[in-house]
Amino acid sequence: MNDGFEIGSIPAARPVLIAGPTASGKSALAAAIVAQGGGVIVNADALQVYGCWRVLTARPSIAEARALPHALYGHVGAGDDYSVGHWLREVQGEIAQGLRPVIVGGTGLYFSALTDGLAQIPATPAAVRAVADARMAAEGVAGLLAELDAATTARIDIQNPARVQRAWEVLTATGRGLAAWQDQTGPAVLPLDAVTAIVLRPQVDWLNARIDQRFDTMMAEGALEEARANLADWVPTRASSRAIGAPELIAHLRGDLDLDAAVAQAKLASRQYAKRQRTWLRNRMKGWIPLDPGV
């Protein structure tokens with residue numbers, strides 16, 4: 001699958017995009033590219049933007065962040081709104097600084113906005129967001145999903161509660177489905193023909209073993225203590241609360257799960273998340289350079 005691809009073959013000034021499922025080695029590849037050819041590592045992970053999580057989101061360590069230029073990591077408050085639009089504007093600011101961007105992460109919508117353009121959807125009013133949060137807590141995904149238009153339902157990841165809620169909020173606030181808004185997109189910031197776009201496609205068994213091992217490492221490095229630090233301010237409907245493993249560790253700290261069960265459930269959630277990511281990558285990134293990190 002790697003077809004002889006080498007880091008040194010990437011022109012030093014050419015932007016690089018690296019996508020892949022969780023625990024597939026994206027950050028290590030980005031670091032190797034910047035160390036060899038220069039540039040700045042720019043985060044494209046929707047959870048690594050939050051300052052309240054470093055261990056659980058596998059954010060670069062303090063030492064790693066000091067060793068090479070990094071941007072858009074841990075700069076958003078736990079309760080702050082942060083959307084793909086916020087991210088795209090910040091990426092444009094980083095590009096304007098002049099360093100070659102090596103943009104790395106597992107959030108497919110970020111890359112789609114970057115390479116295909118982003119619809120200028122009005123911000124969701126707080127009242128609509130509050131209704132959506134309440135309904136999600138009471139009904140789960142099914143109630144909101146049933147009210148979406150067919151075009152949007154066909155386009156979004158209906159297994160992802162955050163995407164379903166976002167689509168419902170857009171339809172409710174604007175009267176137009178998310179798909180209709182997306183069909184009116186602005187110009188791409190970095191079209192695919194202007195970048196080297198790499199997608200990691202690991203073997204499932206290899207990746208699942210890495211996910212389990214990494215969560216054990218996270219626990220050894222203080223993931224439970226990190227969750228404890230967030231316990232007093234925990235609001236489950238916040239975007240920042242979707243960090244994989246956070247709900248399970250919070251449940252343990254509240255006495256609802258024993259630790260072994262919390263860890264097992266967190267690992268399962270990580271594997272399920274990786275499966276959704278692989279589906280997205282397979283369907284949406286067919287023109288990217290595929291690399292198997294296990295080879």
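Positions are given from 1 along the sequence. Values below: all heavy atoms of this structure, side chains included; hydrogens, waters and symmetry mates excluded.
To the nearest 0.5 Å, the span separating CD1 on Ile62 from CZ on Arg66 amounts to 6.0 Å. Atom CD1 of Ile198 sits about 5.5 Å away from atom CD1 of Ile289, to the nearest 0.5 Å. Between the OG atom in Ser83 and the CZ atom in Arg166 there is a gap of 6.5 Å [rounded to 0.5 Å]. Interatomic distance, Ser241 OG to Asn230 CG, rounded to the nearest 0.5 Å: 8.0 Å. The CD atom of Glu248 lies 12.0 Å from the CG atom of Leu253; values are rounded to the nearest 0.5 Å. One finds the CG atom of Asn160 at 10.5 Å from the CD atom of Gln165 (value rounded to the nearest 0.5 Å).
Scanning for ring pair (Phe, Tyr, Trp, His ring centres under 6.0 Å) contacts around Tyr50 gives an empty result, with sequence neighbours left out. The ring pair (Phe, Tyr, Trp, His ring centres under 6.0 Å) test applied to His252 returns no partner, not counting sequence neighbours. For Trp280, the ring pair (Phe, Tyr, Trp, His ring centres under 6.0 Å) test picks out no residue, with sequence neighbours left out. Partners of Tyr273 under the side-chain hydrogen bond (donor to acceptor under 3.5 Å, both in side chains) rule, at least two apart in sequence or in another chain, are Gln277. Legend: residues meeting ring pair (Phe, Tyr, Trp, His ring centres under 6.0 Å) with Trp53, ordered by chain and number and at least two apart, are absent.
A donor-acceptor contact shorter than 3.5 Å links the side chain of Ser9 to the backbone of Glu6. Asp133 places no side-chain N or O within donor-acceptor distance of the main-chain N or O of Ala130, the cut-off being under 3.5 Å. The closest donor-acceptor contact from the side chain of Thr152 to the backbone of Leu148 lies at 3.5 Å or more, if one exists at all. Using modelled atom types, no side-chain atom of Thr57 and backbone atom of Gln48 make a donor-acceptor pair closer than 3.5 Å. Using a distance-only test at 3.5 Å, with no hydrogens or angles considered, no donor-acceptor pair links the side chain of Arg201 to the main chain of Pro290. Listed for the Glu226 side chain is a donor-acceptor partner under 3.5 Å among the backbone atoms of Arg54.
For Tyr110 and His86, the distance between ring centers is not under 6.0 angstrom.
Comment: Asp183 does not engage Arg176 in a salt bridge, judged by the lack of any side-chain N to carboxylate O separation of less than 4.0 angstrom. Note on Arg135 versus Glu147: salt bridge recorded, some NZ/NE/NH1/NH2 to OD/OE distance being below 4.0 Å. With salt bridges taken as basic N to acidic carboxylate O contacts below 4.0 Å, none links Asp45 and Arg59. Contact check on Glu169 versus Arg129 returns a salt bridge, with a Lys/Arg side-chain nitrogen under 4.0 Å from an Asp/Glu carboxylate oxygen. Between Asp157 and Arg284, none of the side-chain N atoms (NZ, or NE/NH1/NH2) sits under 4.0 Å from a carboxylate O, so this pair counts as no salt bridge.
Counting Ile, Leu, Val, Met, Phe, Trp and Tyr side chains that sit under 4.5 Å apart, directly or through other members, Leu268 stands alone, with no cluster partners.
Each of Ile158 and Leu109 belongs to its own hydrophobic cluster when Ile, Leu, Val, Met, Phe, Trp and Tyr are linked at side-chain heavy-atom distances under 4.5 angstrom. Both Leu190 and Val91 are part of a single hydrophobic cluster, where members link through side-chain heavy atoms under 4.5 Å apart. The hydrophobic cluster containing Met218 does not contain Ile211, counting ILVMFWY residues as joined when their side-chain heavy atoms lie under 4.5 angstrom apart, directly or transitively. Both Val195 and Leu72 are members of a single hydrophobic cluster when ILVMFWY side chains are connected at heavy-atom separations under 4.5 Å. Under the 4.5 Å side-chain heavy-atom criterion for ILVMFWY residues, a single connected hydrophobic cluster contains both Val49 and Leu88.
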Using side chain to side chain contact (heavy atoms under 4.5 Å, CB included), reason through Thr279 and Gln159 one step at a time and then give a plain yes or no. CA-CA 11 Å; Thr279 299; Gln159 301 300 318; over 6 Å; no
Would Ile244 and Phe215 count as a side chain to side chain contact (heavy atoms under 4.5 Å, CB included) if you check the C-alpha gap in whole Å, the side-chain angles of each, and the deciding distance to 0.1 Å? CA-CA 10 Å; Ile244 304 298; Phe215 200 84; 5.9 Å; no
Could you walk me through whether Leu68 and Ile41 satisfy the side chain to side chain contact (heavy atoms under 4.5 Å, CB included) test, starting with their C-alpha distance in whole Å, then the side-chain angles of each, then the deciding distance to 0.1 Å, before giving a yes or no? CA-CA 8 Å; Leu68 296 168; Ile41 300 169; 4.2 Å; yes
Test salt bridge (Lys or Arg N to Asp or Glu O under 4.0 Å) applied to Asp233 and Arg238, step by step: CA-CA 11 Å; Asp233 194 37; Arg238 286 177 177 169; 3.1 Å; yes
Are Gln203 and Leu207 close enough, and set up right, to give a side chain to side chain contact (heavy atoms under 4.5 Å, CB included), and what steps lead you there? CA-CA 6 Å; Gln203 299 299 309; Leu207 183 62; over 6 Å; no
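Counting heavy atoms from C-beta on, the side chains of Arg278 and Val204 come closer than 4.5 Å. With a 4.5 Å cut-off on side-chain heavy atoms, Pro247 and Ile250 do not count as touching. Side-chain atoms of Arg100 and Val40, non-hydrogen and from C-beta on, never get closer than 4.5 Å to each other. Counting only heavy atoms from C-beta outward, the side chains of Thr237 and Met136 never approach each other to under 4.5 Å. In this structure, the side chains of Leu145 and Thr153 come closer than 4.5 Å at one or more pairs of heavy atoms. Put simply, the side chain of Leu178 reaches to within 4.5 Å of the side chain of Ile121, judged on heavy atoms. When side chains are defined from C-beta on, Val102 does not count as touching Val42, because their heavy atoms never get closer than 4.5 Å. Using a 4.5 Å heavy-atom threshold, the side chains of Thr107 and Leu47 count as separate.
Closest heavy-atom contact between Ala274 and Pro21: O-CB, 4.1 Å. For the pair Arg14 and Asp193, the tightest heavy-atom approach, listed with the atom from each and the gap, is NH2-O, 3.3 Å. Summarising the geometry of Ala23 relative to Trp206, their closest heavy-atom pair is O-CZ3, 4.5 Å, with the distance given to 0.1 Å.
For the residue pair Arg214/Thr22, the side-chain donor-acceptor check at 3.5 Å is satisfied. Counting only N and O atoms by type, the side chains of His70 and Glu64 include no donor and acceptor under 3.5 Å apart.
Residue Gln213 qualifies as open at atom CD: its count of foreign heavy atoms under 6.0 Å is 12 or below.
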